[in-house]
Protein chains: 2
Amino acid sequence: MQIRFTDFNNAGNVVAGTYATEWAEIEHVLTAMPLHLKASDQAGIQGKAIFDPVGTNQHIADQLTTAPRSWAGGIPIPAEFSFLGTDIDFGKNGVVVEVQFSNYPFLLNNTVRSELFFRAQTVFHARPTQLVVIVTKAGMFPSSQSTLYYEQALNQLTALAQHGVFTVPIRLVGLFTPVGHVSATWTEYSAARYSRTVGSRSQRQFTIINGRAGRCRIDQVLTANDF
Amino acid sequence: MQIRFTDFNNAGNVVAGTYATEWAEIEHVLTAMPLHLKASDQAGIQGKAIFDPVGTNQHIADQLTTAPRSWAGGIPIPAEFSFLGTDIDFGKNGVVVEVQFSNYPFLLNNTVRSELFFRAQTVFHARPTQLVVIVTKAGMFPSSQSTLYYEQALNQLTALAQHGVFTVPIRLVGLFTPVGHVSATWTEYSAARYSRTVGSRSQRQFTIINGRAGRCRIDQVLTANDF
């Protein structure tokens, strides 16, 4: 996928000074990742291709937590902060990565707990938390309703940062796709909504065109095999 | 009802120095308020008396927003901060009151937006926001599942405050009831769950006894009229 990012609280300098390697690993995983799509089960657009948060999450986890990158995944949050969640997504050397494709209020939760871990110098992996990378999808993707997208996260963090509500260095990352002909990982999940059980997964071809209100349209390119 | 409160970020001095009158009004409304109860519709405890958030909210609104106290109610949040909600509950002279009986993650939302309004010097009524009062119910009440309670809010704000995550003066208030014989406002709502439409409302007598795990048991005292 393609990425864009915005830095808050000097995150750019923190990356350049201390975390060039860790950022390069994150960047590589995200930019080498194919777009992941699934069929919507929302009334009105049922069957249409939409962003697949489960598949994307799994791909990032697989790539980030295995050699040669070997980030720690699902690191437990200390008991005294358990009201902020059970674990962080990924950590390495004081960098925390949170992948956030859920409903948009979760961004505030991620931000508050990032701020707390930064101030409390919480160690998730090797060093106290010094940098948080939050990964989101772009608003261009058709997605499940009310799920967070990059431009929205950017607005919220900008408003909070302008007034100094948080001090932790955060790099906010958005996942984008080029328009045109795109090869994507298509996953069919067994059973219904919210399922994480993969029924089948394959590479398929799609045509992506810019749509109304900044949201793109994704159509599968049918081949002889589909008939 | 009875109240307990805990101050964060010097809220006690802010009250004493500037907001003795506003606090006295809040305190009067809360301590003069009868306990509000309704029947649970949760499987397993259906029909049992539980804390009534809708009735409590309405009582506070009625008492706080009318003369002689005349607080402003439902004051819109500025458009640039609309991702944090549509309005604050009550405001007067730079004091913001938020009544929070909803699911516990809303406390973080209340805290973040309070911090933002404080730092941005947002004016909801007459003066920039200088003090936030968050009203919760005590953990002693049987309640809808996952709803915020005072002791839980206290733990969360304490953890955040210990690490300086927020700077806005907050007075966290808990609503309690004495045990024993208590007269309470009993409301039956028309239709099902989440309804705010009052079917009938009356004063009834209850016996409240301490129960397991800090949660009390509330039994209606039946009178000749009930047979």
Side-chain angles (χ1 to χ4, degrees), chain A residues 8-9 77-86 96 98 100 102-123 128-130 132 134 136 139 146-170 172, chain B residues 8-9 77-86 96 98 100 102-123 128-130 132 134 136 139 146-170 172:
Chain A
F8 297 92
N9 297 321
I77 289 173
E80 68 266 35
F81 303 149
S82 63
F83 62 93
L84 290 164
T86 56
V96 167
E98 302 271 27
Q100 193 49 269
S102 291
N103 288 357
Y104 70 86
F106 280 94
L107 177 66
L108 273 193
N109 178 287
N110 280 151
T111 306
V112 171
R113 73 192 206 182
S114 296
E115 178 72 4
L116 183 58
F117 302 148
F118 176 62
R119 287 182 176 265
Q121 302 201 283
T122 306
V123 177
T129 303
Q130 290 178 262
V132 176
I134 299 178
T136 61
S146 300
T147 52
L148 180 72
Y149 56 93
Y150 175 70
E151 296 81 354
Q152 181 187 39
L154 183 54
N155 283 341
Q156 297 190 11
L157 292 188
T158 300
L160 295 174
Q162 270 173 352
H163 297 284
V165 170
F166 66 100
T167 59
V168 54
I170 292 181
L172 175 68
Chain B
F8 298 92
N9 297 321
I77 290 172
E80 69 265 36
F81 302 148
S82 64
F83 62 93
L84 290 164
T86 56
V96 167
E98 302 271 27
Q100 193 50 269
S102 291
N103 288 356
Y104 70 85
F106 280 94
L107 177 66
L108 273 192
N109 178 287
N110 281 150
T111 307
V112 171
R113 73 192 206 183
S114 296
E115 178 73 5
L116 183 58
F117 302 148
F118 176 63
R119 287 181 175 265
Q121 303 202 282
T122 305
V123 177
T129 303
Q130 290 178 263
V132 175
I134 299 179
T136 61
S146 300
T147 52
L148 180 72
Y149 56 93
Y150 175 70
E151 296 81 354
Q152 181 187 40
L154 183 54
N155 283 342
Q156 297 190 11
L157 292 188
T158 300
L160 295 174
Q162 270 173 352
H163 297 285
V165 170
F166 65 99
T167 59
V168 54
I170 292 181
L172 175 68

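Naming: A, B, ... by sequence-line order, numbering from 1 per chain. Values below: every heavy atom of this structure, side chains too, minus hydrogens, waters and symmetry copies.
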- Below 4.5 Å from any heavy atom of chain B, which atoms of A:Glu80 appear? Answer side chain, backbone, both or neither. backbone
- Count the heavy atoms of every other residue, nucleotide or ligand shown that sit under 6.0 Å from CZ of B:Phe81, and state whether that count exceeds 12. yes
- May I ask you to name which of A:Arg113, A:Gln156, A:Gln162, A:Gln121 has the most heavy-atom pairs under 4.5 Å with chain B? A:Gln156
- Has B:Glu151 got more than 12 heavy atoms of other residues, nucleotides or ligands less than 6.0 Å from its CD? yes
- Query: Stepwise, does the side-chain contact (heavy atoms from CB on, under 4.5 Å) test hold for A:Leu160 with B:Phe83?
  - Reply: CA-CA 11 Å; A:Leu160 295 174; B:Phe83 62 93; 4.3 Å; yes
- Item | Side-chain heavy atoms of B:Phe117 within contact of A:His163, under 4.5 Å | no
- Query: Under 4.5 Å between any side-chain heavy atoms of A:Val112 and B:Thr111, yes or no?
  - Reply: no
- Message: Counting only non-hydrogen atoms closer than 4.5 Å, does B:Leu107 touch chain A with its backbone (N, CA, C, O), its side chain (CB onward), both, or neither?
- Response: neither
